[in-house]
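This report refers to the structure that appears directly beneath it.
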Number of protein chains: 2
Amino acid sequence: MNTRAKRTLTLRDVSEASGVSEMTVSRVLRNKGDVSEATRQKVQDAAKRLGYVPNKIAGALASQRVNLVAVIIPSLGNMVFPEVLSGISDVLEDTALQPVVGVTDYLPEKEEKVLFEMLSWRPSGVIIAGLEHSEASRAMLMQAGIPVVEIMDVDGDPVDSCVGISHRRAGRMMAEEIINAGYRRIGFMGTKMPLDHRARKRFEGFTRTLAKAGVEIADQEFYSGGSALAKGREMTAKMVERTPDLDFLYYSNDMIGAGGLLYLLEQGIDVPGKIGLAGFNGVDLLEGLPLRLTTMDACRREIGVKAAQIIAAHNAGDLDPEPHLVTLEPTLSAGDTLRHKR
Amino acid sequence: MNTRAKRTLTLRDVSEASGVSEMTVSRVLRNKGDVSEATRQKVQDAAKRLGYVPNKIAGALASQRVNLVAVIIPSLGNMVFPEVLSGISDVLEDTALQPVVGVTDYLPEKEEKVLFEMLSWRPSGVIIAGLEHSEASRAMLMQAGIPVVEIMDVDGDPVDSCVGISHRRAGRMMAEEIINAGYRRIGFMGTKMPLDHRARKRFEGFTRTLAKAGVEIADQEFYSGGSALAKGREMTAKMVERTPDLDFLYYSNDMIGAGGLLYLLEQGIDVPGKIGLAGFNGVDLLEGLPLRLTTMDACRREIGVKAAQIIAAHNAGDLDPEPHLVTLEPTLSAGDTLRHKR
DNA sequence: GTGAAAGCGCTAACAC
DNA sequence: GTGTTAGCGCTTTCAC
């Protein structure tokens, strides 16, 4: 039952089984060049019968062409990145390219390692999250001789192309919305920042804009690890106890925002009457909550799509060597947890 | 600024830059064989200075060794699979092996395509979700000449090794628990089954066990697509209206269970007094809910760990060709939404 | 429409 | 400790 093959089949095996030269077999299997219908059939039959699986290692070495796109992201547990990936996959589906995913856990050293590892397979392009990389990583990206698209964020200095939103602007927009709505005693909750540059930039945009309106963050709390929903709940409980006069809570992601929302509703606190809430990302999950959390869409799918299109275009030979810079517009989704006062 | 290299560097470049033969350069870069400290330094300096990234394509072809493990799963959006992946990564981190992920979207044809694609890179092993594959996929797995571990499920006939839980048994256990607690009017909600064999098996185990106790499912509802939380909410609303005398709801996953829980609490319905609830998976998210949903742990991380260990052991040369069969025990986590009646 | 020869960039095996 | 030689399994190129 469990007869593992000892050797994998080669073109030569198919050639012998079909009585056609290796070269022609290769042509048939790649649909390349003109081959008579008769030989094509012979070859395809033999290949299928034997269960031949071409060796891409050899093919790639010979053709100097590897149809892989390295996609480097911080995490898979985040909801956000699987959505970006699905945008990428959908675009690459229609091309010869295939995405290969590497995960960095938000660690620059790991990013460097993953990048090195992936580049050693000579992919046709790189899509990588963020604009902040170690010197070595930047050097590798520039040396690689392939298109590079940095995604998610546009606040910085890209190596090559770039697709994303301005997180500073996103923070600013949300601050404006909150201030315009009349809230003044604002608390902030988010991840410990050094790890997550995009969250940091949103925070910066947020606080600066508040400052311009003469408002200062009244309280703040940071977390790392654990169930985000539970963390949101805990941090919110702690914060409303510590600073009871808060009238708004801004969360750096929807998951902790959802946790906070559930907690406040449970406590019978009037949202958004007594206290308003907002998150960030526009995740799917929010649709199932008792109230729709006010949030801001990060254009995740679209970012994936645009980035993949840039790589695909390069690969198709449209090598306009101009780096593309695509800035998408985050859109506020009003939700039920922010209401203009009076 | 944006000077893309036109050609990638080869061993030869490092060889020339360091004045050391290609072979010795290769040895240094792979930490293989004895090289004097002096030449080692010269080589490493040159490699670093040039920014050399080895070409694994060529290396793999020459050494007939590819340190990749193909990991084939149905979806990334599911919470469940990222956790399996993290178990796999943690184990492989300490080896020369690297996981490469392929996603099938629960479609057999896509599984076949992804598998073919991955096998053409000649990985050192395959970890693949489920025991149900097309004939062609099974044939490829057997032909590949590499260790194969089918994961998540053990109810079926594995190609080679297998690590998972019995989903029939999981369904049975939950049914027993519910019956023992005194519930009799039971509703079921889950995904449309043909796609998800494991959900189907849980359902089968569940209904059969109920049948033995003379109980039949009082109502059922299936969904596909959309936000699981929202779907759980909707389906629950529909079901409790349609069949008001239900005293228990069994959900095929925690996400829809959470949606149902939130809905019922909002309606002021007494959980678990008036109606009990249970889900499946033991996801992280549950920790942030108002009540802990009763659920069953699917041993996701552990499955990943065990599977990776099997592949790693093979790769390390412990090629006992005996297929491993590891059956893990799903454990009930009591939670707050199931209470023994009377 | 088909085949023969050369070689992609590296490493195994052996010589020195 | 270091160098030389011969491929790995394909594709490119060019000849027929």
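No experiment lies behind these values; they were computed from the predicted model shown. Chain identifiers are assigned alphabetically (A, B, ...) following the order of the sequence lines, protein sequences preceding nucleic acid strands; residue numbering begins at 1 within each chain.
- Between D:dG7 and B:Q64, no contact under 4.0 Å exists linking OP1 or OP2 to a side-chain N or O.
- Comment: B:R12 engages B:E16 in a salt bridge, judged by a side-chain N to carboxylate O separation of less than 4.0 angstrom.
- When distances are taken from the side chain of B:R65 to each of D:dT12, D:dT2, C:dA12, the shortest belongs to C:dA12.
- In this structure, B:S21 reaches the D:dG3 phosphate: one of its side-chain N or O atoms is under 4.0 Å from OP1 or OP2.
- Among the protein residues, A:D34 comes within range of the nucleic acid bases, having at least one heavy atom under 4.0 Å from a base atom.
- A distance of 15.5 Å separates NZ in A:K56 from CG in B:L61, rounded to the nearest 0.5 Å.
- Of all nucleotides listed (D:dT2, D:dG7, D:dC10), D:dC10 comes nearest to the side chain of A:E22.
- Listed pair A:R12 / D:dG9 fails the phosphate criterion, with no side-chain N or O lying under 4.0 Å from OP1 or OP2.
- Residue A:T39 has its side chain nearest to C:dT2 when only C:dA5, C:dT2, C:dA13 are considered.
- Side-chain proximity of A:L11 to the nucleotides C:dA12, D:dC10, C:dC10 is greatest for D:dC10.
- Nearest to the side-chain atoms of A:S26 among the listed nucleotides D:dT11, D:dT2, D:dC10 stands D:dT11.
- At a cut-off of 3.5 angstrom, the base of C:dG3 holds at least one donor-acceptor pair with the side chain of A:R27.
- Put simply, CG on A:L68 and CD1 on A:I146 are 10.5 Å apart, with the number rounded to the nearest 0.5 Å.
- Under 4.0 angstrom from either OP1 or OP2 of D:dT2 there lies at least one side-chain N or O belonging to B:S36.
- Between its two ends, the helix from C:dG1-D:dC16 to C:dC16-D:dG1 turns its axis by 30°, counting five pairs per end and rounding to 10 degrees.
- Residue A:T24 has no polar side-chain atom (N or O) positioned under 4.0 Å from OP1 or OP2 of C:dT2.
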